[in-house]
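Below: one structure, written as structure tokens.
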2 protein chains.
Amino acid sequence: MKDIKPKLISLFKKGYCTPQIARIAKKIKEPSTTIHYNIKKLEEEAIKTYKAVFDYNQIGEGHCTFLLVNLKEEKYGQPEEIAEEIAKSERIESVDIVTGEYELLIKLRSEDIDDYYAWIKEAIKKYNFAKTISLTSLKQLKTEFVEI
Amino acid sequence: MKDIKPKLISLFKKGYCTPQIARIAKKIKEPSTTIHYNIKKLEEEAIKTYKAVFDYNQIGEGHCTFLLVNLKEEKYGQPEEIAEEIAKSERIESVDIVTGEYELLIKLRSEDIDDYYAWIKEAIKKYNFAKTISLTSLKQLKTEFVEI
DNA sequence: ATAAATACTTGAATATTATACGAATAATGA
DNA sequence: TCATTATTCGTATAATATTCAAGTATTTAT
């Protein structure tokens with residue numbers, strides 16, 4: 001037993017996938033070389049990566065939370081720095097700087113609520129958040145444009 | 001000119017991609033047949049699909065909004081039905097039933113604020129939302145686990 | 001503790017698929 | 001209109017995935 005699956009999951013979260021040119025060519029009834037050409041162009045312009053979407057319950061990341069954050073005054077004017085730092089973690093699905101009452105909106109995945117609590121305690125300390133609101137997902141119907 | 005790119009974008013949002021077995025095999029230094037075997041297992045258990053992640057500014061979906069929704073009383077108890085209906089649209093990135101003040105949290109992408117306004121007006125009418133709060137993304141640092 | 005069943009690993013052979021190339025056609029711009 | 005650039009697409013080739021079969025490890029039941 002080599003325990004390859006965790007490594008695959010980690011790689012597939014960010015990339016290591018590629019388009020199925022032959023299948024697309026069949027689907028839209030065009031020559032595969034034409035599809036190939038168009039995909040390469042699109043990759044230059046607009047495609048960041050190809051990746052897997054998981055049934056997160058099955059990989060121990062079934063607990064999903066949206067976190068609204070107020071930064072402390074000294075960081076209020078330049079939220080990007082903190083946002084970039086937060087974005088680096090593998091459990092963070094998205095980070096946005098948003099309009100309204102809060103500065104940041106973070107979507108993250110954890111194993112369970114205990115795991116989440118450990119993370120948020122650590123994050124409040126580390127990033128010196130002024131205030132946070134956690135919206136816990138009770139049911140996920142769609143994620144990353146994929147219905148689950 | 002066959003205008004193939006829009007079709008590709010639509011297909012790539014949900015699938016039509018596949019893992020790069022040879023590349024992964026090289027990366028984690030295992031035989032490609034072993035990688036193949038493990039991926040097939042993982043697909044049965046936990047992988048929903050393989051898809052592309054876009055630079056959404058480049059495909060006319062740069063405007064991103066998180067929408068908090070209160071449903072009308074008659075729908076408050078069974079939000080799933082509406083949530084599933086909302087999830088079907090291609091511009092919807094995620095739909096969650098959440099804890100707290102609001103019942104639904106929807107993440108969606110539009111071309112610009114006018115496009116968004118048209119959508120939200122229509123949605124309020126169609127789904128009979130009681131109240132909504134829109135959090136507009138000013139800057140997206142990470143989406144779908146991919147830094148952008 | 002042992003045997004049987006099941007799951008995982010792997011190399012060799014084969015089938016599929018992506019990519020490179022070149023020629024033809026179409027679109028763009030001056 | 002003519003020249004330049006972008007796109008289409010068939011053929012040939014290179015790369016890759018998949019099948020198969022055999023061996024090894026792990027788990028399960030008794």
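First the proteins, then the strands, lettered A, B, ... as listed; each starts at 1. Bear in mind that the values here come from a model prediction, so they are computed numbers and not experimental data.
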For this session: Check step by step if side chain to side chain contact (heavy atoms under 4.5 Å, CB included) holds for A:Asp96 and B:Lys139.
Result: CA-CA 6 Å; A:Asp96 287 78; B:Lys139 189 177 169 73; over 6 Å; no
Problem set entry | Pairing of A:Lys14 and A:Glu90 as salt bridge, 4.0 angstrom limit | no
Exercise. Can you tell me if B:Glu80 uses its side chain to pair, donor with acceptor, with the backbone of A:Leu141 under 3.5 Å?
Worked result: no
Seminar exercise, completed: In short, the helix from C:dA1-D:dT30 to C:dA30-D:dT1 is bent end to end, axes from five pairs each side, to 10°, by 60°
For this session: Determine, stepwise, if the pair B:Glu144 / A:Lys51 fulfils salt bridge (Lys or Arg N to Asp or Glu O under 4.0 Å).
Result: CA-CA 9 Å; B:Glu144 300 160 84; A:Lys51 55 155 287 180; over 6 Å; no
Exercise. Could you give the start and end, 5' to 3', of the contact zone on DNA chain C for chain B, using atoms under 4.0 Å from its heavy atoms?
Worked result: C:dA7 to C:dA27
Exercise. Residues two or more places apart in sequence or in another chain: which of them pass ring pair (Phe, Tyr, Trp, His ring centres under 6.0 Å) with A:Phe129?
Worked result: A:Tyr127
Seminar exercise, completed: Applying salt bridge (Lys or Arg N to Asp or Glu O under 4.0 Å) to B:Glu103 and not counting sequence neighbours gives none
For this session: Please name all residues satisfying ring pair (Phe, Tyr, Trp, His ring centres under 6.0 Å) with B:Phe66, sequence neighbours left out, ordered by chain then number.
Result: none
Exercise. If the sugar-phosphate is the primed atoms plus P, OP1 and OP2 and the base is the rest, what is the B/S/- string for nucleotides 6-17 of chain D, using protein heavy atoms under 4.0 Å?
Worked result: SBBBBB----SS
Exercise. Charged N to carboxylate O below 4.0 Å: is that the case for A:Asp115 and A:Arg91?
Worked result: yes
Exercise. Going through the checks in order, is the salt bridge (Lys or Arg N to Asp or Glu O under 4.0 Å) test met by B:Glu147 and A:Lys88?
Worked result: CA-CA 8 Å; B:Glu147 288 171 61; A:Lys88 283 177 188 158; over 6 Å; no
